[in-house]
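In this chain, numbering begins with 1 at the start of the sequence shown. No experiment lies behind these values; they were computed from the predicted model shown. Counting starts at 1 for both ligands and their atoms, in listed order.
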Amino acid sequence: MWHRLALHRNKLILIAVLWLSSLVATLWLGELKAIAMVDWLDVVGEGGSALALALWLVLILASRPAGRVTDWLTLGLGFMFLAMWQDALDEFVQLVIVQWWDQWLENFSMPLGIGLLTYGLFHWHSEQLAINEQLKKRERLFREHRMLDRLTQIGKIDYLKKQLESLVNQSRELPLALLMIDVDDFALINRHFGHRQGDRLLHQLSELLLLNLRDGDLICRYGGDRFAVLLPHTEESRAQEIAAELQQAVQYFAFKIQPTGESRYQRISVGLAWTRSADELQPAEFIHRANQQLARSRQWQEPD
Ligand SMILES: Nc1nc2c(ncn2[C@@H]2O[C@H](COP(=O)(O)OP(=O)(O)OP(=O)(O)O)[C@@H](O)[C@H]2O)c(=O)[nH]1
């Protein structure tokens, strides 16, 4: 939790400085009220609300990455907290002369905070919709955590075989295509920049491929630098288009080597197996066909 809060150090320092300033200024310029004058119901209500707002702020910062949406949420909750805090403080301290900043904190800080928080929540909602779209593509996998590949967080090939087995002799997802994808010259990345950079590349490529697929498509890691993509309800020509789209996406993706930031561009080769007959869906055979097509497409690319 502290590690995540450290990401938001500047925002937390700003709120702490404003909070301490208002505390010091109020104590400096005000007089303590007699205990008999304190309205304890207000203290509990306003003080409790200030504490709850501070807790929400910490929870949000501890669970979110740094970025614009988090900034809006922090500013909103921060101003609301300052308003409540000042209200609670005024129960104990009476300012001798009316202070503009005290008035401002009590009267404007709350509506301003609510406005900023609402704006932040609206953008959080849009962000969440985009994330949900991504998760939908992985939804099939969530039920089978043991079949997730640890490096790329997509399914292992066993999962794809299981899906194919469930389709044998069924026309549910027909016509069906299987793309076998292999990264060209991947070993060079390992050799020149180290295994860790190779791991990063595989992880980022899996994300990139996933982003370019449709809801309901399934991508799995076949092993090494090879991925398999199952495309249900897909005509052969559409599968070829998707394969070309994936190749383009990878071709224009600038992978950044760490720590230099140097850009590296990759290419992928793709083999396509396609069927509209449920009898041809024997997993091993269907996968073998896609692998054969991949080998064939690589032969075409070999320089003379
Ligand atoms: N970093 C990393 N490398 C891996 C992983 N799994 C396999 N590899 C490496 O991936 C490479 C795959 O071999 P090849 O398919 O022959 O490599 P390639 O350079 O892409 O050759 P072509 O496929 O002929 O273009 C090997 O060097 C493996 O050591 C992994 O999880 N992480």
Nearest protein heavy atom with distance in Å, relative to [atom]:
atom	value
atom 28 (C) of ligand 1	Asn190 ND2, 4.3 Å
atom 32 (N) of ligand 1	Asp199 OD1, 2.6 Å
atom 11 (C) of ligand 1	Phe186 CD2, 3.9 Å
atom 27 (O) of ligand 1	Ala187 CB, 3.5 Å
atom 30 (C) of ligand 1	Arg221 NH2, 3.5 Å
atom 21 (O) of ligand 1	Asp185 N, 4.2 Å
atom 7 (C) of ligand 1	Gly224 CA, 3.4 Å
atom 22 (P) of ligand 1	Arg298 NH1, 3.5 Å

Sidechain-backbone polar pair: Arg289 side chain, Trp274 backbone, donor-acceptor under 3.5 Å: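 Here the side-chain-to-backbone pair exists.
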Asn212 side chain to Leu208 backbone, donor-acceptor under 3.5 Å: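 Yes, the answer is positive, given that a donor and an acceptor are paired below the 3.5 Å cut-off.
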For [X], counting its heavy atoms only, list the atoms of ligand 1 lying under 4.0 Å from any of them.
X	result
Gly198	1 (N)
Val183	20 (O), 23 (O), 25 (O)
Leu202	30 (C), 31 (O), 32 (N)
Leu151	31 (O)

Does the distance from a Lys or Arg side-chain N to an Asp or Glu carboxylate O, for [X] and [Y], drop under 4.0 Å?
X	Y	value
Arg214	Asp217	yes
Glu236	Arg276	no
Glu241	Arg238	yes
Asp182	Arg226	yes

Within-cutoff protein neighbour (heavy atom, under 4.0 Å) for atom 25 (O) of ligand 1: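 Yes.
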Atom 13 (O) of ligand 1 within contact range, any protein heavy atom under 4.0 Å: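 No, there is none.
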Part of Asp225 with heavy atoms under 4.0 Å of ligand 1, whether side chain, backbone, both or neither: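 The answer is the side chain of Asp225.
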Part of Leu201 with heavy atoms under 4.0 Å of ligand 1, whether side chain, backbone, both or neither: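 Looking at Leu201 and ligand 1, no heavy atom falls under 4.0 Å.
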Test of proximity, Leu188 against ligand 1: N or O pairs below 3.5 Å: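 No - when backbone and side-chain N and O of Leu188 are compared with those of ligand 1, no distance drops under 3.5 Å.
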Least distance between heavy atoms, Lys11 atom then Leu61 atom: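 Shortest heavy-atom separation between Lys11 and Leu61 comes out as CE-CD2, 4.3 Å.
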